[in-house]
Amino acid sequence: MKKLPLSFYQREDVLQIATELLGKVLTTKWNGVETSGRIVEVEAYAGVADRASHAYGGRITRRNEVMYADGGVAYVYLCYGIHHLFNVVTHYKNTPHAILIRGLEPLSGVDTMLERVKKNQADYSLTRGPGNLSKALGITTGHSGISLKSRELFMADDGIGFHKTAIAVSPRIGVDYAGNDALLPFRFYIKGNPFVSGKPK
DNA sequence: GAGTAGATCCTCT
DNA sequence: GAGGATCTACTCA
């Protein structure tokens with residue numbers, strides 16, 4: 001398992017990074033308790049020109065300022081007062097690109113995840129959808145801004161991954177308010193994977 | 001099975 | 001003071 005280098009995140013093409021992120025392994029290790037999963041669904045948010053992005057029009061606030069940092073850090077945000085959404089910041093300083101992790105296939109620490117979500121039995125909803133997966137991995141807004149190469153939270157490549165032909169593209173979810181930008185095909189997922197949110201095909 | 005309403009709270013205006 | 005990068009459960013057919 002190799003941790004992804006900062007050069008992986010610090011590139012200009014957020015869509016390219018998003019597709020390459022599919023199949024990578026996301027691990028959290030709070031207080032020595034490890035949980036991890038393989039990424040099967042992501043969405044790209046392409047900075048100031050993207051109406052669906054928090055950074056649209058160059059807005060910078062205390063909440064989203066971490067998006068303007070150099071690529072390779074986590075951006076965690078609370079939505080609807082209930083759901084924590086985990087994002088990966090990409091590109092370089094002052095360019096607020098981010099990738100939202102929406103779906104994860106559990107690899108290790110499933111028992112811990114179940115405990116966090118208060119379930120007795122593993123089912124697909126455990127790590128399907130951004131709100132659920134953040135909860136399962138124990139990620140909260142307090143983790144916003146930490147490095148993706150830290151000891152507690154990191155992304156890695158275990159050499160398995162998915163083949164390019166397994167990747168499908170679609171418009172993003174839950175961004176109807178963004179007008180035409182809501183139609184952009186910035187969502188990438190693994191075809192047929194049960195941990196992908198939305199309607200199964 | 002499909003469609004809809006409700007939960008719930010932090011952040012920005 | 002309003003609204004949001006969601007999820008779940010419940011209704012109705």
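Throughout, protein chains are lettered first and strands after them, A, B, ... in sequence-line order, and every chain is numbered starting at 1. FYI, side chains are in, hydrogens and waters are out, and symmetry mates aren't considered; it's all heavy atoms of this structure.
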### Query
Where do A:Thr19 and A:Lys164 land on the side chain to side chain donor-acceptor pair (under 3.5 Å) test, with the steps shown first?
CA-CA 9 Å; A:Thr19 55; A:Lys164 276 182 190 163; over 6 Å; no

### Task
Test salt bridge (charged side-chain N to carboxylate O under 4.0 Å, His left out) on A:Arg116 and A:Asp111 and set out the steps.
CA-CA 9 Å; A:Arg116 287 180 182 140; A:Asp111 290 344; over 6 Å; no

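Within residues 130-143 of chain A, the residues approached by DNA chain C to less than 4.0 Å at the level of any non-hydrogen atom are A:Pro130, A:Gly131, A:Asn132, in residue-number order. Less than 4.0 Å separates DNA chain C from no heavy atom of any residue of residues 15-23 of chain A. For DNA chain C, the residues of residues 45-54 of chain A within the heavy-atom distance limit of 4.0 Å (strictly under) are A:Tyr45, A:Ala52, A:His54, sorted by number. Annotation: proximity of residues 92-105 of chain A to DNA chain C (heavy atom, distance under 4.0 Å) is found for A:Leu100, numbered in ascending order.
The minimum heavy-atom distance between A:Arg38 and A:Val25, with the atom names listed, is NH1-CG2, 3.9 Å. Scanning all heavy atoms of the two residues, the minimum distance from A:Ala46 to A:Phe186 falls at CB-CE2, 4.0 Å. A:Asn64 and A:His54 make their closest contact through ND2-O, 3.1 Å (heavy atoms, listed as atom of the first residue, atom of the second, distance). Closest heavy-atom contact between A:Ala182 and A:Pro171: O-CB, 3.7 Å. A pairwise comparison of heavy atoms in A:Leu137 and A:Leu104 identifies CD1-CD2, 3.4 Å as the closest pair.
For the side-chain hydrogen bond (donor to acceptor under 3.5 Å, both in side chains) with A:Arg11, the lone residue among A:Gln16, A:His91, A:Glu20 that qualifies is A:Glu20. The side-chain hydrogen bond (donor to acceptor under 3.5 Å, both in side chains) test with A:Thr35 is passed by exactly one of A:Thr28, A:Thr112, A:Thr127, A:Thr27: A:Thr28.
Side-chain contacts under 4.5 Å among hydrophobic residues (ILVMFWY), followed directly or transitively, place A:Leu78 with no other residue at all.
Not counting sequence neighbours, A:Glu105 has no partner by the salt bridge (Lys or Arg N to Asp or Glu O under 4.0 Å) test. Take A:Thr165 and apply the side chain to side chain donor-acceptor pair (under 3.5 Å) test, not counting sequence neighbours, and it matches A:His163. Residues meeting the side chain to side chain contact (heavy atoms under 4.5 Å, CB included) test with A:His83, sequence neighbours left out: A:Leu85. Among residues two or more places apart in sequence or in another chain, the side chain to side chain contact (heavy atoms under 4.5 Å, CB included) test is passed with A:Lys149 by A:Leu6, A:Ser147.
Both tests do not hold together for A:Arg63 against A:Tyr75: distance to the six-membered ring centre under 6.0 Å, angle to the ring axis within 45°. Cation-pi geometry between A:Arg59 and A:Tyr56 is not met: the NZ or CZ atom fails to fall both under 6.0 Å from the ring centre and inside 45° of the normal.
Between A:Tyr9 and A:Leu148, some side-chain heavy-atom pair lies under the 4.5 Å cut-off. Between A:Tyr177 and A:Val175, some side-chain heavy-atom pair lies under the 4.5 Å cut-off.
The residue A:Phe186 sits apart from the nucleic acid: no heavy atom pair falls under 4.0 Å.
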Please list each protein N or O that sits under 3.5 Å from an N or O in nucleotides 4-11 of chain B, with the distance.
unit_1: B:dT8; atom_1: O2; unit_2: A:Tyr80; atom_2: O; d: 2.9

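Once you apply a 4.0 Å limit to the heavy atoms of chain A, the touched nucleotides of DNA chain C run 5' to 3' over C:dG4 to C:dT8.
Remark: the backbone N or O of A:Val76 is paired with a side-chain donor or acceptor of A:Ser144 at under 3.5 angstrom.
For A:Ser125 and A:Val175, each mapped to the nucleotide of DNA chain C holding its nearest heavy atom, the one lying further toward the 5' end belongs to A:Val175.
Stem analysis of DNA chain C (at least three stacked-register Watson-Crick or G-U pairs, each with both distances under 3.5 Å) gives B:1-7 with C:6-12, B:9-12 with C:1-4.
In the displayed structure, A:Glu115 atom CD is contacted under 6.0 Å by at most 12 heavy atoms of other residues, nucleotides or ligands.
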